[in-house]
Amino acid sequence: MSSIEIRFSGSGGQGLITAARILAGALTGEGRHVARSQSYEPVSRGGLSRSDLVVSDDGADFPLSTRLKYLLILDAAAANASDGLLDGDSEVLVDAELVPNPPTGDFRVYSLPFTDTARRLGNKRVANIVALGALAAQSGLIAPDVIRRAVEAASPKRFQRLNLEALEAGQQMIG
Amino acid sequence: MTRTMNMQGNQACALGAIEAGCRFFAGYPITPSSEVAEQMAAQLPKVGGTFIQMEDEIASMGAVIGASMGGLKAMTATSGPGFSLKQENIGYASGAEIPCVIVNVMRGGPSTGMPTRPSQGDIMQSRWGTHGDHPIIVLAPASVAEAYHETIRAFDLSERLRVPVIVLIDEVIGHLVETVDPGEAGQEHVARTFASGPAEGFKPYAITDDLVPPFPRPGDGYRSHTTGLTHSETGFPTQNPALAAAALNRITDKLVLHNDLIERWRVREADDADILIAAIGISARAAEAAVTKLRAEGIMAGLFRPVTLWPFPEGALLGVIDKAGAKALLVPEMNQGQMIREVERLVAGRLPVHGLNRIDGEAITPADIIARVREIAP
């Protein structure tokens, strides 16, 4: 299998790196090799933030992204930051509310209500987990019960239920 | 049973050090190496070791040397200007033959540079940063797994040969998280040879066949003297030309004598390469991907990757070039051209050597290398 590249992007504080770490851990548990890199600005909130996964069966030669298969964008700050890494095979998932002007090109773009769904669940800060659910379902890279266990294990007790609801809401966005 | 886990490059250096038996770390955290200190602070107390955050890089290097003189396996970690600050004490460790390991997660410069961006700007400083002719070993891992295993080897070499060993990684490898199989924990590792036998007439820097004198452990009763001044076999300073030359030649000759232990390199598709790429770290990972793609379009590219960067695996490189009948060399590196100088020196005009350089804070990509190889392809 050639490698599959996934990027979580947005602004600092949105939990992008957390979501990427959960997915990476779940994929590793399934026997995949994952290279995870991240980039953020020297501020605790705001600024461009991203985390990339390069998923392969036996270790990627080059561990950084060169052509994204899946791109998640949760903030307008990141709307066009990855344009050079997209091609006709890419699939882009953007937050409908925070990314009003998603990238345009010959790739597929899905505008989905991550933030709005999180807010309706009671805390807009779980938008990252809603998005993770959607991304997991869209990619088919990981079985629903596996990612569910990974989110459960990564959540502090008091957020477990909320995070699992968020994950499920995200999974249900993909028909 | 495997213990496969996701591990960060900097974390791998720390966990490798603990596995190797490191029980002392002194440091002054600095981006992009800080996670090494963070991990050591968390892990060392669990194994009865000691972590000290010192007031600066100079003091932390001094503390590491002191701990090692006391008999412990000791390490520090740093980046950029911190590596510059440690140089004087690294020279002391090299001259007085105090084992120690220094992790340097390279940061571009000059001065404060770009703290969070990748660079390979210390290829020359890691070899020549401290003054005078001196022995030093530099290991250059290109993956997280290799960072773990090469840090263990750094301790083995340092203790066996009484020489500072630098683990040189770039920010991409340092902050990358990869799936690693660290193998069995609690393996036997190389222990320093401590002095034994009669204390009477003991010479702490005796010139033996091995060229590595046994280390007098404090408290074992051996009279010894340690100094940064050039010293004779007694350990006391000398300006006697014959004694000074013998002492200085011994400490560099010991690495030549034991080169079989030190030298390590890897190749990919090198046997029949027309264009041989020589690279380390993340630039070598980009070259691996580039070689595969270039071969698919019929360009005979190959990779030579020094794992031990210094002493440079010169016989190995020349052997690979000869065997392949290579027609050109390409040296991609995140600096304005450092490793290329060593490569040019070795091939001495026998074939063209081309550079590919980035100093913009971005890693060299497979596409960069593919484009450059197409330009220079014979």
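Just so it is clear, the structure is predicted and the values come from calculations on it, not from any experiment. Below, chains carry the letters A, B, ... as their sequence lines are ordered, and counting in each starts from 1.
We find the OG1-NE2 distance between B:Thr4 and A:His33 to be 6.5 Å, quoted to the nearest 0.5 Å. Rounded to the nearest 0.5 Å, atoms CD (B:Glu171) and OG (A:Ser39) are 8.0 Å apart.
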Using residues 153-160 of chain A as the side-chain source, report each donor-acceptor pair under 3.5 Å to any protein atom, sequence neighbours left out, with the distance given to one decimal.
from: A:Ser155; atom 1: OG; to: A:Val151; atom 2: O; distance (Å): 2.6
from: A:Ser155; atom 1: OG; to: A:Asn163; atom 2: ND2; distance (Å): 3.0
from: A:Gln160; atom 1: NE2; to: A:Glu152; atom 2: O; distance (Å): 3.1

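Using a 4.5 Å cut-off between heavy atoms, B:Ile369 makes no contact with chain A at all. B:Ser143 does not touch chain A: none of its heavy atoms, backbone or side chain, sits under 4.5 Å away. Using a 4.5 Å cut-off between heavy atoms, B:Ala363 touches chain A through its side chain atoms alone. For B:Ile173, no part lies near chain A; criterion is any non-hydrogen pair under 4.5 Å. Heavy atoms of B:Val172 lying under 4.5 Å from chain A belong exclusively to its side chain.
Within residues 59-96 of chain A, the residues having any heavy atom closer than 4.5 Å to a heavy atom of chain B are A:Ala60, A:Asp61, A:Phe62, A:Pro63, A:Leu64, A:Thr66, listed by residue number.
Ranking B:Thr292, B:Ile282, B:Val291, B:Thr365 against chain A, the residue ahead of the rest is B:Ile282, based on heavy-atom pairs under 4.5 Å.
Checked against A:Thr28 for a side-chain contact (heavy atoms from CB on, under 4.5 Å), the options B:Val180, B:Asn6, B:Val177 give a single hit: B:Asn6.
Summarising the local packing, CD of B:Gln336 is surrounded by 12 or fewer heavy atoms from other residues, nucleotides or ligands at distances under 6.0 Å. For A:Arg125, the CZ atom sits in a loose shell: 12 or fewer heavy atoms of surrounding residues, nucleotides or ligands are nearer than 6.0 Å.
Looking at A:Ser37, its side chain never comes within 3.5 Å of a backbone N or O of B:Leu176 through a donor-acceptor pair.
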